[in-house]
Amino acid sequence: MIFISEKIVISTCNHEKLYFAVAVKNGKIIKTILPKLTEKEAIAEISDSFSSFQLSDEYQGLAESVCRAYHGERVSFKDKFIVHELKGDFQKDVLHEVVEIPYGEVRTYKQISEAIDSKAYRAVGTAIGKNPLPIIIPCHRVVKSDLKVGGFFGGTEMKKEILENEGICIINGKIIIKK
DNA sequence: GCTTTAGACGTAT
DNA sequence: ATACGTCTAAAGC
C-alpha cells in the first residue's frame, strides 16, 4: 500500500527584513504565518503544529504571493488553500464568512456574527484569532463595531499596516470609510 | 472622547 | 466547572 503524500512542505521567502512562510500539503496551503523578523522565527512558528515536515524552496512562489498580498497586491489564492482541521462548525462558519470580505473593505465582528446567526461577537474574535491562514483569510479586515482597528495576533500596528496597504484610510486608529 | 461594567458565547483546560 | 478571548452596549465622567 502506497500512501500518497501526506508530506508537509514548508517554503519561505524574504522581503525587506520580513520573512514569510507557507506550509503546503498535497499542493494546498494549509498554514501561513504573519511575517517574522528572522527566517528562524518564521520556520519555528509555522512548523510548531506539525510533527514532521520538510523545508524546500518548492513553494517559494506561494510564499512570495503571500508576501505580495501582505504588501497590498491583489492576489487570488483561489483553489490554493483549504480551511482544514478546524474543531467546530462555528470556526468554519466564521472563517468562511471572513474569506468573502472583498479586498479593500472591512466588516465588524458583529457583522460576522450576525451573518452566521449568532450573538457570539467575542467568540468570533476568538475563532478568527485561530485563523490558520493569516493574510490569505483576511482576518485583518475584521474590525470593531466603532470602526477602531481592534486586536490582532500580529499586533494592532501590523493590522493597520496591512489595511493601509490595501488602501484603507486609518486616522487615529479608526477606519475612515470612503464615500 | 475615554473608562468601566456587565453581558454574550464558543473553546481550552 | 472555570477562565479567557482580535467584542458590544450602556453608563458615568
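Every chain is numbered from 1, with letters handed out A, B, ... down the list of sequences.
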Quiz item: With no hydrogens and no angle check, do the side chains of A/Thr12 and A/Glu39 hold a donor and an acceptor under 3.5 Å apart?
Solution: yes

Exercise. In whole angstrom, give me the gap between the P atoms of B/dA6 and C/dT6.
Key: 22 Å

Quiz item: Can you pull the salt bridge (charged side-chain N to carboxylate O under 4.0 Å, His left out) pairs that have at least one residue in residues 57-72 of chain A, sequence neighbours excluded?
Solution: A/Arg68-A/Glu73

Quiz item: Just wondering, are more than 12 heavy atoms of other shown residues or ligands nearer than 6.0 Å to OH in A/Tyr103?
Solution: yes

Exercise. Apply ring-ring contact (aromatic ring centres under 6.0 Å, His included) to A/His96 and list each qualifying residue two or more places apart in sequence or on a separate chain.
Key: none

Self-check item: side-chain contact (heavy atoms from CB on, under 4.5 Å) partners of A/Glu164, counting only residues at least two apart
Solution: A/Ile170

Self-check item: Strand contacts (DNA chain C) in residues 98-105 of chain A, 4.0 angstrom heavy-atom criterion
Solution: none

Quiz item: Between A/Lys159 and A/Glu161, is there a salt bridge with N-O shorter than 4.0 Å?
Solution: no

Quiz item: Tell me: CG of A/Asp117 to P of B/dC9, nearest whole Å?
Solution: 13 Å

Practice problem: Sorted by first residue and then second, give each side-chain hydrogen bond (donor to acceptor under 3.5 Å, both in side chains) pair with at least one member in residues 111-127 of chain A; sequence neighbours left out. | Solution: none

Quiz prompt | Between B/dC9 (C1') and A/Lys130 (NZ): distance, integer Å | solution = 12 Å

Exercise. Taking side-chain contact (heavy atoms from CB on, under 4.5 Å) as the test, write out the residues that go with A/Ser145, two or more places apart.
Key: A/Thr108, A/Lys110

Quiz item: Looking at CD1 of A/Ile177 and CG of A/Leu147, how far apart are the two atoms once the value is rounded to the nearest 0.5 Å?
Solution: 5.5 Å

Self-check item: Rounded distance in Å - CG (A/Asp146) to P (B/dT3)
Solution: 13 Å

Quiz item: Looking at NZ of A/Lys80 and CD1 of A/Ile136, how far apart are the two atoms once the value is rounded to the nearest 0.5 Å?
Solution: 9.5 Å

Self-check item: Partners passing side-chain hydrogen bond (donor to acceptor under 3.5 Å, both in side chains) against A/Ser47 (at least two apart in sequence or in another chain)
Solution: none

Practice problem: Identify the 5'-most and 3'-most nucleotides of DNA chain C with at least one atom closer than 4.0 Å to a non-hydrogen atom of chain A. | Solution: C/dG5 to C/dA9

Quiz item: With sugar-phosphate meaning primed atoms plus P, OP1 and OP2, does A/Phe90 contact a base, only sugar-phosphate, or nothing at under 4.0 Å between heavy atoms?
Solution: sugar-phosphate

Between N or O atoms, less than 3.5 Å apart, protein on one side and nucleotides 6-8 of chain B on the other: list the pairs.
none

Quiz item: Name the stems that DNA chain B belongs to, where each is three or more consecutive Watson-Crick or G-U pairs with both distances under 3.5 Å?
Solution: B:1-7 with C:7-13, B:9-13 with C:1-5

Quiz prompt | Residues in side-chain contact (heavy atoms from CB on, under 4.5 Å) contact with A/Cys139, at least two apart in sequence or another chain | solution = A/Ile128, A/Asn131, A/Phe152

Self-check item: Counterpart residues, side-chain contact (heavy atoms from CB on, under 4.5 Å), relative to A/Lys148 (two or more places apart)
Solution: A/Lys144, A/Asp146, A/Lys174

